[in-house]
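See structure below.
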Amino acid sequence: MSDWKLLNTSTASGASSVEFTDLTGYKIFKFVFIDVNPATDNSNFQFDCSVSSSYGTTKTTTFFNAYQTEGDTGAALSYDTGADLAQSTSYQPLAPNVGNGADESCAGELYLFNPASTTYVKHFYARLHSYEKSNIAFDYFPAGYFNTTSALDGIKWNFHNSSVFDGTIKQYGLVAT
Amino acid sequence: MSGKLTLISSATASGSASVSFTSGLDSTYDEYIFYFVDINPATNNQTFRVAFSTDSGSSYTTNCTTTFFEAGHREDGGWSSLQYLTSEDVAQSYPVKLHREIGSGADESSAGEFHLYSPSSTSRVKHFLSRAQVYSDAQYSYDDFSAGYTNTTSAVNAVQFTMASGNFDGNIHLFGVG
């Protein structure tokens, strides 16, 4: 009873964006990203949520990562000030600098809490792994809140440079309302 | 193991000093997950905490040793950090700190998840992992990570969630992972 329920699956093939427009019916949503591969090298996978079908929702976020190069020439854990947002309406980066090689991609998951609330801000956190453009393994940790008490009614992913992409995105719901 | 979640129970806190789960934590599952939705303290700048019982909720005094680190960013963009917080970990103590500096404002809250492994074990300590996102009282976004173990070989059969001070609202859902 009450396992994660698969609500939607979108298989992108040369798509410029993927969007789900139903964020109702559950307290917690999970989105899973599988083999997301941009057509343009060094592209930033990112997302936003809409209010009244309009994207550009204000958010404050954090972003840190761990990385290791294939050549074992560098590794670190650090906060990335280039990927966080402060009361910004921009899309939130999830996986910067994804490579477009035939075997390069990113994967991971994002949790969004109670987007239908009209009382509280909307919290999210994610973890993605990327085969980065320079042959680096990156472990990304984005998180934050949409600073609105209006209900979120859509979620969209794209790349910052409008690169089309391939990949699969799945939407799950937990705890029916 | 399928990884399938089974909802065991849900609790709605409404001006509550604590929320306790005194049943459902047994040997049925090897892993339990608590999800927290819209946790809002009545008193500003509060830490949301968990404590563990080995006597079915008569007391929540099981010593734990934990770690705590956090990514943070202020709404004005003037501060950001990835840091270990020695003020938020515990060493052979209780309760365990999970979400820090939650605001009490009407739209302020926290949300997250807490994993507890094999609580019914009578041979090993009990490990746990937590991640939470906080809208703090001073308009910070915090991504809080805590983890640790209950340093007991007795079965843990109840847990209790509280604020460091005051009451709180919110929803907590307990799942077993099969």
Side-chain angles (χ1 to χ4, degrees), chain A residues 1-5 26-30 58-66 76-88 90 92 109-127 140-150 172-177, chain B residues 2-10 12 33-40 69-84 99 102-103 105-113 130-136 139-145 169-178:
Chain A
M1 184 175 84
S2 298
D3 194 15
W4 287 106
K5 180 175 177 57
Y26 294 88
K27 288 279 187 68
I28 306 168
F29 289 92
K30 178 171 70 172
T58 299
K59 60 191 81 65
T60 295
T61 70
T62 58
F63 196 104
F64 70 95
N65 65 64
L77 170 70
S78 61
Y79 190 92
D80 184 352
T81 58
D84 63 7
L85 299 174
Q87 293 297 89
S88 171
S90 298
Q92 170 61 40
E109 59 189 17
L110 181 153
Y111 291 83
L112 177 64
F113 292 86
N114 204 12
S117 169
T118 54
T119 303
Y120 295 107
V121 302
K122 318 304 183 290
H123 298 282
F124 72 89
Y125 50 72
R127 184 179 184 180
Y140 294 118
F141 295 83
Y145 54 86
F146 290 88
N147 198 355
T148 178
T149 55
S150 299
Y172 297 87
L174 187 69
V175 186
T177 56
Chain B
S2 67
K4 174 182 169 62
L5 299 188
T6 298
L7 179 62
I8 296 170
S9 61
S10 294
T12 299
I33 305 175
F34 296 87
Y35 285 100
F36 311 106
V37 181
D38 296 339
I39 303 298
N40 171 252
F69 71 95
E70 171 190 272
H73 191 202
R74 200 167 60 212
E75 282 189 356
D76 67 4
W79 178 89
S80 61
S81 178
L82 175 63
Q83 57 185 339
Y84 187 94
H99 314 177
I102 311 169
D107 62 346
E108 295 173 337
S109 62
S110 65
E113 62 191 276
S130 173
R131 184 177 187 184
Q133 163 62 32
V134 174
Y135 183 16
S136 88
Q139 285 69 57
Y140 290 77
S141 175
Y142 289 140
D143 189 7
D144 288 341
F145 294 79
D169 297 339
N171 294 287
I172 304 176
H173 307 281
L174 170 61
F175 290 85
V177 184

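It should be emphasised that the depicted structure is a prediction, and the values quoted were computed from it without experimental measurement. In what follows, chains carry the letters A, B, and so on, assigned in the order in which the sequence lines appear, proteins first and then strands, with residues in each chain numbered from 1.
B:L5 is not listed as a side-chain neighbour of A:S2, based on a closest heavy-atom distance of 4.5 Å or more. The side-chain heavy atoms of A:Q87 and B:D76, taken from C-beta on, include no pair separated by under 4.5 Å. Residues A:D3 and B:F175 form no side-chain contact, since every pair of their non-hydrogen atoms from C-beta on lies 4.5 Å or further apart.
Side-chain atoms of B:S109 and A:H123 include a donor-acceptor pair closer than 3.5 Å. Using modelled atom types and a 3.5 Å distance limit, the side chains of A:Y145 and B:E75 yield a donor-acceptor pair. No donor-acceptor contact under 3.5 angstrom links the side chains of B:Q139 and A:N147, judged on distance only.
Exactly one residue among B:R131, B:E113, B:Q133 makes a side-chain hydrogen bond (donor to acceptor under 3.5 Å, both in side chains) with A:Y125. That residue is B:E113.
Of the listed residues A:Y111, A:W4, A:F63, A:F113, the one with more heavy-atom pairs under 4.5 angstrom with chain B than any other is A:F113. Chain A forms more heavy-atom pairs under 4.5 Å with one residue of B:S110, B:G105, B:G78 than with any other, namely B:S110. Of all the listed residues (A:D84, A:T148, A:T149), the one sharing the greatest number of non-hydrogen pairs under 4.5 Å with chain B is A:D84.
In this structure, the separation between CG on A:L77 and CZ on B:F69 is 7.5 Å, given to the nearest 0.5 Å. The distance from atom OG1 of A:T118 to atom CG of B:D107, rounded to the nearest 0.5 Å, is 11.5 Å. Here the OH-CD1 distance, from A:Y120 to B:I39, works out to 8.5 Å after rounding to the nearest 0.5 Å.
The backbone N or O of A:L85 lies less than 3.5 Å from a partner atom in the side chain of B:H73, making a donor-acceptor pair.
Counting all heavy atoms, side chain and backbone alike, A:G144 lies closest to B:S141 at CA-OG, 3.5 Å. In terms of heavy atoms, A:V121 sits closest to B:D38 at O-OD1, 4.4 Å. Between B:L82 and A:S78, the shortest heavy-atom contact is CD2-C, 3.8 Å.
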Would A:F64 and B:F145 satisfy ring pair (Phe, Tyr, Trp, His ring centres under 6.0 Å), going step by step from the backbone distance to the final call? CA-CA 12 Å; A:F64 70 95; B:F145 294 79; 5.7 Å; yes

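Contacts of B:S10 with chain A are absent, with no heavy-atom separation under 4.5 Å from either backbone or side chain. Of the two parts of B:D144, neither the backbone nor the side chain holds a non-hydrogen atom closer than 4.5 Å to a non-hydrogen atom of chain A. Of the two parts of A:L174, only the side chain, counted from C-beta on, holds a non-hydrogen atom closer than 4.5 Å to a non-hydrogen atom of chain B. Using a 4.5 Å cut-off between heavy atoms, B:A106 touches chain A through its backbone atoms (N, CA, C, O) alone. Interface residue A:F141: backbone and side-chain heavy atoms are both found under 4.5 Å from chain B.
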